[in-house]
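So the structure is just underneath, and the comments pick up after that.
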Amino acid sequence: MTVRHVDVVRAGALTTVQDLGRRGHRHLGVPRAGALDLPAHRLANRLVGNPDHAATLETTLAGLAVRAGCALTAAVTGAPCPVRVDGRPAAWGAPVRVERGAVLELGAATHGVRSYVAFDGGVGVAPVLGSRSRDLLSGLGPAPLREGDTLPLGRPCGPAAAVDTVASPGVPRELVLPVVPGPRDDWFAKDALRTLAIGAYRVAPASNRIGLRTEGPALPRARSGELPSEGMVLGAVQVPPDGRPVVFLADHPTTGGYPVIGVVPEDRLAAAAQARPGTPVRFVPLRRGAVAQPVRTVPGAGAVMPS
Amino acid sequence: MTETGTGAGTGTGTGAGTTAVLPAGMRAVPVGRRALLVEVETSEEVAALHGELLRRRAVGALPGVDDIVPAARTVLVDGLDDPQALAAELPHWTIPRPRAEDGPERVIRMRFDGPDLDEVAQVWGIAPGELPGLFEEIVFRVAFCGFAPGFGYLTGLPGHLRLPRRATPRTCVPAGSVALAGPYAGVYPRSSPGGWQLIGSTDAVLWDPSREPAALLAPGARVRFRRAAR
């Protein structure tokens, strides 16, 4: 086989192909999808000389192993994990040369949830509606990886970044999520935003690419009845009948009928992508019109150090 | 009250069809930092507002907006630099009422063989054999999509023909099922669980991401159902 490719030796718990996602199709019921930790996805691409829109692999906790069908350069970012090439330790957060036939392996994440693997040239599966991302809600894009799969790679398009190493993200003690109130905060009891702010929430095990589910105090409603289905945005904090807020991530449904008490700004969702079940969640309601301050506790948001 | 800065929304002519249906009762609420949810009172107003937003985007008046999502009583505009600015501008728009001939027409050939057909006919107070003729007369419009890619919520069902959902949803509704619930009709693009009343089925491919357009029924399309030959 002369086409550049990798073969999947171990698929891991849930490994999907992801890029920047599908834009402009939500009116047809198509979620955006795309890498949950976009800064980590972009960084991995930069490390191997790819443009941002090249497709990477997003792993979930358990890593993966692929055999290189050609000589290639790879880079691993996002959740920190041991990286090995043919059993020998290799760098996390830096370009790694993998010879044809060698096995690149990511061990279990030491912290965080999702690691990203970029290959020079990007994963070259056929795009669907302009994106190679797997959307787990509607089933668009390539199926999650399975052992024995062959993934085509694109043609390398540039030199790898001149980089020694990337700062490894620390272990965040808690997930801090700023929330812009609305559009349906008036559907909740007066003290609901306060409950959201001071409640002891934790990341629930049922969290996935569709939403970060939480355990904690229920948010009481002021209004009963149903809200006619309305458009949903990335980061919407939707409150189903059990009262436990769900933060919508990339594969979220495009419309929904449960009220949204607030919205987490998109640039703060990478941290949600890396928060393990049980991690304390602190919601910080903002004044409407206030601007969220950036924080740097996000796996994958480490700065690239010039060599 | 005519907003002339963009030149949009003027291509549909003048006369009875262009009566402004907004902004009486309209409410706009920011959603996060980049989106605006505009709430109106009827699905016709949703269609009018959605059409106007599409026209304005087409002439470059909504830079950055990548998603305009109509729904039951709202239109979501996502990708705005300044949602408040659009909210302030909206009340000054003159928005033409959608005309009956607007939007592409889709004819869906179907068989009236759904498991709930007899029950639906009974609720409607007609004989099962009369249902196809009645259904064929209705001109539907795709109000919005959701639930699954390519699933359109079709409005147009007369008020007295509205139906409740089934008390117990089916665990598997076959792809191509033509179904009714509340004020809506719809066609399942793929098999899935569902609580709508099934009156028939079609071989039409509702959703094919490799086709252009991927969705047979996109918001704004007019839809008529016809009995399949044989």
Side-chain angles (χ1 to χ4, degrees), chain A residues 20-33 126-131 135 137-141 178-186 226-237 248 253-257 259-269 286 288-292, chain B residues 27-39 43 46 50 53-54 57 65-79 82-84 142-153 182-184 189-190 192 206-220:
Chain A
L20 303 178
R22 304 182 172 83
R23 310 277 171 139
H25 300 286
R26 267 152 64 196
H27 64 293
L28 302 178
V30 177
R32 178 193 295 186
V128 176
L129 296 175
S131 167
D135 159 11
L137 183 76
S138 56
L140 294 179
V179 177
V180 182
R184 300 297 178 188
D185 48 323
D186 56 341
E226 282 180 38
L227 188 63
S229 274
E230 62 189 27
M232 290 285 142
V233 299
L234 188 63
V237 182
F248 274 174
T254 56
T255 58
V260 170
I261 191 168
V263 177
V264 177
E266 191 178 330
D267 60 358
R268 308 300 289 267
L269 292 173
L286 304 172
R288 286 168 223 270
V291 176
Chain B
R27 201 171 79 102
V29 200
V31 181
R33 305 237 173 270
R34 308 261 303 152
L36 190 71
L37 187 70
V38 187
E39 191 169 18
S43 63
V46 169
H50 180 232
L53 285 161
L54 291 181
R57 182 170 67 172
V65 170
D66 45 16
D67 281 295
I68 298 175
V69 188
R73 292 288 178 270
T74 56
V75 181
L76 176 75
V77 187
D78 200 355
D82 186 353
Q84 297 283 8
V142 184
F144 62 99
C145 291
F147 174 63
F151 184 91
Y153 289 78
Y184 301 115
R190 61 179 189 208
S192 68
L206 275 292
W207 175 251
D208 177 359
S210 66
R211 180 179 67 190
E212 175 57 38
L216 184 64
L217 305 182

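Chain naming here is simple, since letters A, B, ... match the order of the sequence lines and numbering starts at 1 in each. This one's a predicted model, so the numbers in the text were calculated from it and none came from an experiment.
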field: chain A contacts, top residue of B:I68, B:D78, B:V75 (heavy-atom pairs, under 4.5 Å)
entry: B:D78

query: Considering all heavy atoms of both residues, which atom of B:P219 and which atom of A:H27 are nearest to each other, and what is their separation?
result: CG-O, 3.5 Å

message: Please classify the contact of A:L140 with chain B as side chain, backbone, both or neither, using a heavy-atom distance under 4.5 Å.
response: side chain

query: Measuring from A:L129:CG to B:E212:CD, what's the distance to the nearest 0.5 Å?
result: 9.0 Å

statement: So, the part of B:E39 with a heavy atom under 4.5 Å from chain A: the answer is side chain

- prompt: From A:S138 OG over to B:F151 CZ, what is the distance, rounded to the nearest 0.5 angstrom?
  reply: 14.5 Å

task: Report the distance from atom CZ of A:R184 to atom CG of B:L37, rounding to the nearest 0.5 Å.
output: 5.5 Å

query: Based on non-hydrogen pairs under 4.5 Å, which of A:A126, A:G235, A:G231 is most in contact with chain B?
result: A:G231

message: Looking at every heavy atom in both A:E230 and B:A71, which two are closest together, and how far apart are they?
response: CA-CB, 3.5 Å

statement: Smallest heavy-atom separation, B:P149 atom then A:V30 atom, equals CB-CG2, 3.8 Å

- prompt: Quick one: CG on B:L76 to CE on A:M232, what's the gap to the nearest 0.5 Å?
  reply: 9.0 Å

task: Identify which part of B:A35 has an atom lying under 4.5 Å from any heavy atom of chain A, answering side chain, backbone, both or neither.
output: side chain

task: In plain terms, say whether A:R23 and B:D67 are close enough for a salt bridge, that is, a side-chain N and a carboxylate O under 4.0 Å apart.
output: no

- prompt: Can you name the nearest heavy-atom pair linking B:P209 to A:V128, along with the distance?
  reply: CB-CG1, 3.5 Å

query: Where does B:R190 contact chain A at under 4.5 Å (heavy atoms): side chain, backbone, both or neither?
result: side chain

- prompt: Nearest heavy-atom pair of A:T255 and B:V69: which atoms, and what distance?
  reply: CG2-CG1, 4.3 Å

- request: Identify the two heavy atoms, one from A:L28 and one from B:A215, that lie closest to each other, and give their separation to 0.1 Å.
  value: CD2-CB, 3.8 Å

query: Who wins among A:G24, A:G139, A:P228, A:G256 for the most heavy-atom pairs under 4.5 Å with chain B?
result: A:G24

query: What's the spacing between A:S229 OG and B:F147 CZ if we round to 0.5 Å?
result: 11.0 Å

